[in-house]
Every structure is written in structure tokens, then in C-alpha cells.
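Order of appearance sets the numbers: ligands from 1, and atoms from 1 within every ligand.
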Amino acid sequence: MNKKIQTPLLAATTALLATLGGVGAHAADVQERTIKFGYVAPQQHPQGMGAKKFAELVAQKSGGKLNVKGFSDGQLGGEVQMISASQGGVLEMTAMSTAPLVGVVKEFALFDFPFLFENTKEADAVVDGPVGKALLDKLPARGLVGLCYWENGFRHVTNNKRAITKMEDLDGLKIRTMQNPVYVQMFGALGSNAIPMAFTELYSALETKAVDAQENPYAIIAANKFYEVQKYLTATRHAYSLYVVMAGAKFWDKLSADEKQILQASCNESRDYQRKLSREVDASLLIDLRAKGMAYNELPPAELAKIRAQLKPVVQKFSKEVGEELVNQTFAELQKLRAQK
Ligand code: EAX
């Protein structure tokens with residue numbers, strides 16, 4: 001063998017070893033697979049950016065064998081459809097708000113409690129800690145495998161009727177909510193007419209005025225151009241919304257230990273990137289939304305306090321559904337975090 005051939009061969013061997021090194025010293029058990037990954041937000045939204053990052057990490061760690069193919073904008077269906085498709089083995093992976101998951105694991109309602117987290121530091125500590133894990137652990141019994149949590153963000157109300165300057169302004173508003181009983185009862189308790197609906201139907205429901213209002217983080221309002229069909233934006237920050245990245249159990253169970261490890265490690269890495277990005281863009285997106293013509297206002301602290309008080313019975317009711325033990329554990333953790341300040 002002459003030297004000219006030896007060098008590229010050596011380089012190839014080194015590259016191969018580096019790839020295998022990603023999953024341990026042994027030869028990795030990784031097959032060629034295409035993994036469809038569905039989500040409802042546009043590609044440029046932090047949900048899409050998280051999916052892109054996840055795909056890159058998986059490709060890198062699998063030496064290009066595992067090909068995660070993202071489908072944005074609900075191309076593979078709304079959340080409820082994607083849950084069924086994942087359970088049925090038709091869809092390999094999704095990222096979605098935890099809210100629609102309450103239909104399969106009722107304990108996820110915990111994360112929909114109004115005003116649960118004061119800031120993202122609290123949210124991260126709880127969702128990445130034992131409470132978040134306890135909830136993920138309930139998914140496999142329902143045919144789903146939860147890998148990690150991303151951020152959707154703090155939610156705010158938009159509408160086409162009037163500026164929300166006090167609690168009473170929510171009265172009678174036809175508001176689209178996620179398909180989740182906590183949100184339906186939350187807005188019901190505030191006098192609104194809550195209409196649960198898939199995210200994929202929301203823009204046209206706003207456009208045709210089937211509903212007056214919706215609630216979402218700034219990033220969704222901006223990426224989905226809700227400013228075209230909504231006039232008023234009020235910083236209610238009434239709930240903090242999470243995304244969960246999941247695999248269908250039927251797909252997951254076919255994977256080797258190495259493949260599972262690659263997907264899990266990539267999820268963890270994409271999480272840090274996705275949250276950072278989501279938090280970085282939040283403030284500037286509000287500026288964009290105002291520049292696009294949305295009439296923005298903040299609620300006086302006294303009105304927010306009134307809203308919180310009005311929503312207490314909703315929290316009490318769903319605490320029973322979630323289970324007092326998990327709820328108490330969550331509030332104990334939050335208290336500990338708040339005492340550390
Ligand atoms: O990310 O349905 C919703 O309002 C959610 O925020 C959705 O997951 C968009």
C-alpha cells in the first residue's frame with residue numbers, strides 16, 4: 001500500500017471512531033432511520049428552532065444515520081391528532097404544549113395552573129426536577145415517551161374588542177383556549193366564553209371572528225402573525241407554558257439502547273439552546289408587535305391581584321385532580337426557591 005492511499009484511509013478511520021465515540025467505546029448499534037418530528041409552530045419560532053437544533057444534534061451523534069425530519073405548522077395535524085398518531089406508531093416524534101396532553105395524563109394540569117411560576121428560574125427548577133420527571137414517567141403507560149421540556153413561555157391575552165384594563169373587561173369575551181380544562185375553567189371563572197380549539201384552527205377563527213380573543217406568548221403571536229387579526233395585547237402573564245418533546249412508545253420500543261441514548265442526549269442539549277433562544281427573543285418580539293400596530297397595555301397590580309384571587313377556586317379544584325401530593329411537593333419546592341432569594 002502506498003502512502004497516498006493510506007492517509008485518506010486513516011482519516012476515515014479516525015472520523016468513524018470519533019462518531020462512535022459519541023455513544024461510548026463500543027461499536028454503536030444505530031440503524032438508518034427517518035424520524036418524522038411534528039409541531040404546530042412555524043419554523044422560525046423557537047419551537048421550530050428547537051426542532052432544527054435537535055435534528056442537527058441527532059445527525060451529529062448518529063453519524064448521519066438517524067434523520068430527524070421536522071414538519072412545522074401542524075402539517076401532520078393538530079396536537080390531539082399528533083398524540084394519537086404517536087400512540088398509534090404512525091408518527092415517531094413531536095414537540096407540543098403540555099396542555100393538550102391533559103387528555104391522556106390528567107396530572108399535567110399542574111403546569112396549567114394560573115400564575116404557578118413567577119419566573120423562568122422557578123419553572124426550570126420544577127420541570128427539570130423530580131416534579132417534571134414524575135409527570136414524564138406517567139407517559140409510557142399511555143403509549144408516549146417524554147424526553148425533555150422546552151419553553152413556550154408566559155402567556156398573554158390578545159383580542160379585538162377592547163383594551164383589557166381590569167378584570168371585568170374579560171367578561172363576555174369569546175376566547176379560544178387550548179384543548180385543556182384548566183384553561184377553559186380559568187377563563188370561565190373570569191366571565192369569558194372559553195372555546196377550546198386546536199392551534200391549527202386558530203388563525204382562521206380569529207380572521208373570521210368566530211372568536212374575539214386568544215392567549216399565547218409573544219413569540220407565537222408574532223410568528224403566527226396574529227397581529228394581522230388582533231388589535232389589543234394585554235400583558236396578563238396568566239400562565240407559563242411548556243413544550244414537551246415526546247416519542248411514540250411504539251417507535252421508541254423498537255430502538256436500540258444506543259439510539260435511545262442519542263435521542264435523549266440530543267433532547268437535553270437542544271433544551272438549553274431552545275430555552276435560551278426563546279428568552280432572548282421575548283422582549284424584542286413585544287417591541288415588534290407594538291410596531292406592527294398592536295395596542296399594548298399592562299394591567300395594574302391591583303387588577304392582577306383580583307384576577308389571581310378569582311382563580312383560586314380553579315387551582316383548588318384542579319389540585320384535587322392532579323393529586324394533593326404532587327401539588328404540595330411543587331409548592332414546597334417553589335417556597336424553598338423563593339426563600340433562597
Ligand atoms: O405553540 O395552542 C397553543 O396556543 C399553544 O401555545 C401552541 O402549542 C402553540
Side-chain angles (χ1 to χ4, degrees), residues 37-52 54 70-83 85-86 91 93-104 108-109 111-114 116-117 123 127 146 148-159 173-184 186-187 192 194-207 210-227 229-230 233 236-246 271 274-275 277-279 281-282 285 289:
F37 187 109
Y39 58 95
V40 297
Q43 282 176 20
Q44 77 278 13
H45 179 271
Q47 193 184 46
M49 299 296 284
K52 184 162 172 267
F54 176 71
F71 292 87
S72 65
D73 301 282
Q75 289 173 69
L76 302 183
E79 287 92 343
V80 172
Q81 283 168 295
M82 289 199 290
I83 291 171
S86 302
L91 175 60
M93 289 192 71
T94 64
M96 68 174 68
S97 291
T98 57
L101 264 184
V102 169
V104 285
F108 269 104
F111 290 150
D112 302 312
F113 284 11
L116 180 66
F117 301 123
V127 309
C148 71
Y149 294 100
W150 291 347
E151 168 170 293
N152 187 352
F154 282 101
R155 304 180 77 91
H156 308 283
V157 173
T158 70
N159 85 97
L173 218 54
K174 268 196 286 175
I175 186 167
R176 174 271 177 179
T177 67
M178 291 188 281
Q179 292 154 298
N180 171 290
V182 188
Y183 280 91
V184 172
M186 193 189 313
F187 283 95
S192 308
I195 304 167
M197 187 187 291
F199 183 75
T200 42
E201 291 165 35
L202 178 51
Y203 186 94
S204 92
L206 293 169
E207 192 179 28
V211 294
D212 309 314
Q214 67 87 42
E215 46 81 49
N216 254 299
Y218 299 140
I220 282 288
I221 300 167
N224 287 84
K225 301 196 167 93
F226 290 164
Y227 51 80
V229 287
Q230 293 278 272
L233 167 60
T236 47
R237 231 173 175 263
H238 54 275
Y240 177 79
S241 195
L242 293 153
Y243 289 133
V244 58
V245 181
M246 301 185 293
R271 171 188 68 203
Q274 194 276 345
R275 284 179 183 164
L277 176 77
S278 170
R279 287 160 196 178
V281 297
D282 198 57
L285 286 175
L289 291 172

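The aromatic ring centres of His238 and Phe113 sit 6.0 Å or more apart. The ring of Phe54 has its center closer than 6.0 angstrom to the ring center of Phe37.
Distances between N or O atoms of Asn152 and those of ligand 1 include at least one value under 3.5 Å. Of the N or O atoms in Asn216, one or more lie within a sub-3.5 Å distance of an N or O in ligand 1. Below 3.5 Å of separation, one finds an N or O of Tyr243 facing an N or O of ligand 1.
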If you apply the rule side chain to side chain donor-acceptor pair (under 3.5 Å), what do you find for Asp212 with Asn159, and how did you get there? CA-CA 5 Å; Asp212 309 314; Asn159 85 97; over 6 Å; no

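Taking every heavy atom of Glu79 and a limit of under 4.0 angstrom, the matching atoms of ligand 1 come to 2 (O), 7 (C), 8 (O). Near Met178, meaning under 4.0 Å from any of its heavy atoms, are these atoms of ligand 1: 2 (O), 3 (C), 4 (O), 5 (C).
When hydrogens are left out, the protein atom nearest atom 5 (C) of ligand 1 is Ser97 OG, 3.4 Å; that is the closest non-hydrogen contact. Looking from atom 2 (O) of ligand 1 to the surrounding protein, the closest heavy atom is Arg176 NH2, 2.9 Å. The closest protein non-hydrogen atom to atom 9 (C) of ligand 1 is Ile220 CD1, 3.5 Å.
When each of Asp282, Leu277, Ile220 is paired with Pro46, the side chain to side chain contact (heavy atoms under 4.5 Å, CB included) condition holds for Leu277 and for no other.
Using a 4.0 Å cut-off between charged side-chain N and carboxylate O, Arg275 and Glu151 make no salt bridge.
Under the 6.0 Å distance and 45° angle rule, Arg237 does not count as a cation-pi partner of Phe117.
Remark: distances from the non-hydrogen atoms of Gln214 to ligand 1 are all 4.0 Å or more.
In the model, Glu215 has no side-chain atom that pairs as donor or acceptor with a side-chain atom of His156 under 3.5 Å.
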